[in-house]
Undergrad: 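I have a structure I would like to understand better, so I am pasting it below and will then ask my questions one at a time.
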Amino acid sequence: MKKCIFSIFALIFSGLLVISSLSCKSEKTEYIDEFGCYEQTSSAIEAATADSKNILLVVTMNGDDKESETFTNNFFKSPDFQSIIADNYTLLHIDLGQKTFERTVAGANASKKEQQAADDFAAVLQINCRFAELLGINYTPCLFLLTKQGYFISEIPMGISEYAPAQVKKVLDSFESLTQEFNELADATENGDVVDRVKSIDTLYERTDENHRILLMDLTRKVVDIDFKNKSGLLSKYLFETAVNLAMYCSMDNDIDGAVKSMVSITSNVNLEPADKQNAWYMAAYILLSSYSTDFQTILTYLEAAMMSDPENPATEQIQQLYDYVKSTVDEQNAQNQAQSGAAQ
């Protein structure tokens, strides 16, 4: 079983994405591996939607993890794989082994077409790595069950030894009731009037494990887009959740300014309720503090705005304590600087 370090992947691909974005767009490539599994998240979702099948996501590190190789041999290469698994699910296979990463680098004498292919796959792998990071993957192999829209249902426990298709299918069948529930909830988000759709999104959001709600980011954004008049009464909640999700994305890319701006930008929205407004200002301050920012004046300004947004909120007292701590630290530092300056004179 191999642990994955996704921060390294992000560093590797931050440069590759720049190169890829500068390249001219090529014709759409269908990324399907030797086992007939999709390698591209968007393609898997398109196929699953067309076939009305759930997505079975498999993450491996072939070549770097013996357990992944055992899984690949016993699962993908089994003669029963097609009939037992592939005929019943849309397969998305994300491999994070070294050989996969090597596909993002063209040889020294590569043609323009070969270089383009490497750049294109680099972009695909970047998205896959981000998807894996959002799922919170820290070991391989691992399996996840998703709706046809790509929404999280559950991680599939790998407490089996041989990884035979029949074994895996038995485990998947034990999630039948949960799968049906999530499929119905996901489908409901696409039907009805604005209020019905927003309430369905809210139900799915609350039912989803909180560690995987960021995968519903497109739905939280949809609430903001379609219910801008706040007919459901849930606009404030999803203004805040959308900003938090965007801040998380920015933080993953080390874009602290972007993360802070995502929180601050919603504070002027008239539909934002006092508690959510307070949390937005507090989150902006917290992001700066956690990034070891020395812009203490801005941090204090955000914390003060948080307290003023909802003075009667019980959380205000804790924010005041943080404000006092930061201010005392700043005052102490200023006093030391003044003392050193006086001594130098």
Side-chain angles (χ1 to χ4, degrees), residues 2 4 26-104 113-114 116-118 120-132 135 137 140-158 160-173 175-176 179 183 186 215:
K2 184 79 171 183
C4 308
S26 59
E27 295 182 4
K28 183 178 179 180
T29 303
E30 189 92 306
Y31 293 99
I32 298 177
D33 68 15
E34 60 184 299
F35 311 115
C37 305
Y38 290 97
E39 295 181 290
Q40 189 172 23
T41 306
S42 59
S43 295
I45 292 174
E46 288 177 9
T49 301
D51 297 336
S52 195
K53 290 182 179 179
N54 288 108
I55 297 172
L56 180 60
L57 167 62
V58 181
V59 183
T60 58
M61 288 187 74
N62 285 317
D64 299 314
D65 174 22
K66 290 184 178 179
E67 198 70 15
S68 288
E69 292 182 13
T70 298
F71 176 86
T72 296
N73 289 330
N74 293 358
F75 183 72
F76 287 127
K77 295 183 179 181
S78 168
D80 298 327
F81 170 69
Q82 183 65 43
S83 60
I84 294 178
I85 301 295
D87 287 348
N88 296 292
Y89 299 91
T90 296
L91 272 295
L92 172 59
H93 182 201
I94 296 178
D95 184 74
L96 301 172
Q98 182 60 35
K99 289 184 178 179
T100 301
F101 281 84
E102 289 174 358
R103 290 169 59 187
T104 67
K113 184 177 181 180
E114 290 171 334
Q116 183 66 58
D120 289 346
F121 186 71
V124 170
L125 192 51
Q126 162 65 14
I127 294 173
N128 286 348
C129 286
R130 174 55 53 85
F131 192 39
L135 283 167
I137 293 170
T140 54
C142 55
L143 276 68
F144 293 87
L145 194 56
L146 312 175
T147 69
K148 64 186 178 184
Q149 298 92 342
Y151 305 144
F152 178 86
I153 297 177
S154 180
E155 181 173 2
I156 304 303
M158 297 292 286
I160 50 181
S161 57
E162 297 179 4
Y163 303 126
Q167 286 182 310
V168 175
K169 185 63 166 59
K170 185 177 180 179
V171 177
L172 289 169
D173 287 345
F175 287 83
E176 183 177 356
T179 300
N183 285 337
L215 296 172

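Hydrogens, waters and symmetry mates are skipped; everything else that's a heavy atom, side chains included, is used. In this text, all values refer to a predicted model and were calculated from it rather than measured experimentally.
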Undergrad: How close do Met61 and Ser68 get, counting heavy atoms only, and between which atoms?
TA: N-OG, 3.1 Å
Undergrad: Can you tell me if Glu102 has over 12 outside heavy atoms packed within less than 6.0 Å of its CD?
TA: yes
Undergrad: Enter the distance from Lys169:NZ to Asn88:CG here, rounded to the nearest 0.5 Å.
TA: 5.0 Å
Undergrad: Checking side chain to side chain donor-acceptor pair (under 3.5 Å) for the pair Glu69/Asn73: CA distance, chi angles, key distance, verdict?
TA: CA-CA 6 Å; Glu69 292 182 13; Asn73 289 330; 5.8 Å; no
Undergrad: For the CG atom of Leu92 and the CG atom of Asn128, what is their distance to the nearest 0.5 Å?
TA: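 Those atoms lie 6.5 Å apart.
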Undergrad: Write down the atom of Glu155, the atom of Leu143, and the distance for their closest heavy-atom approach.
TA: CG-O, 3.4 Å
Undergrad: What pair of heavy atoms forms the shortest contact from Lys53 to Ala86, and how long is it?
TA: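 Closest heavy-atom pair between Lys53 and Ala86: NZ-O, 4.0 Å.
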Undergrad: Any chance you could measure Leu172, atom CG, to Ile84, atom CD1, to the nearest 0.5 Å?
TA: 11.0 Å
Undergrad: Does the side chain of Ile153 come within less than 4.5 Å of Phe175's, by heavy atoms?
TA: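 No - every pair of side-chain heavy atoms lies 4.5 Å or more apart.
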Undergrad: Can we call the ring centroids of Tyr163 and Phe71 under 6.0 Å apart?
TA: yes
Undergrad: Taking side chain as C-beta onward, heavy atoms only, is Glu67 less than 4.5 Å from Thr140?
TA: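 When only atoms from C-beta onward are counted, Thr140 and Glu67 do not touch, as no gap falls below 4.5 Å.
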Undergrad: How long is the span from the OH atom in Tyr89 to the CG atom in Asp51, to the nearest 0.5 Å?
TA: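 One finds 14.5 Å between OH of Tyr89 and CG of Asp51.
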Undergrad: Taking all heavy atoms of Glu39 and all of Val124, pick out the closest pair and write down the distance.
TA: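 Smallest heavy-atom distance, with atoms named: O-CG1, 3.9 Å.
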Undergrad: How far apart are the closest heavy atoms of Phe152 and Leu215, and which atoms are they?
TA: CB-CD1, 3.9 Å
Undergrad: Just by distance, no angles: are the side chains of Thr60 and Asp95 close enough, under 3.5 Å, to form a donor-acceptor pair?
TA: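 Note: Thr60 and Asp95 side chains meet the donor-acceptor criterion.
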Undergrad: Using side-chain heavy atoms (C-beta onward) and a distance below 4.5 Å, is Ile55 in contact with Phe144?
TA: no
Undergrad: Search all heavy atoms of Ala44 against all heavy atoms of Thr90 and return the closest pair with its distance.
TA: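 Closest heavy-atom pair between Ala44 and Thr90: O-CG2, 3.5 Å.
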Undergrad: Would you mind reporting whether Pro141 and Val58 have side-chain heavy atoms less than 4.5 Å apart?
TA: no
Undergrad: Is Ser78 reaching over with its side chain to a backbone N or O of Phe75, donor-acceptor style, under 3.5 angstrom?
TA: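 A pair under 3.5 Å: no.
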Undergrad: Roughly how far, to the nearest 0.5 Å, is CD1 of Ile32 from CG of Leu91?
TA: 11.0 Å
Undergrad: Just grab all the ring pair (Phe, Tyr, Trp, His ring centres under 6.0 Å) pairs involving residues 34-67, residues at least two apart or on different chains.
TA: Phe35-Phe76
Undergrad: Could you give the distance from OG1 (Thr100) to CG (Asp64), rounded to the nearest 0.5 Å?
TA: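 Going from OG1 on Thr100 over to CG on Asp64, the span is 8.5 Å.
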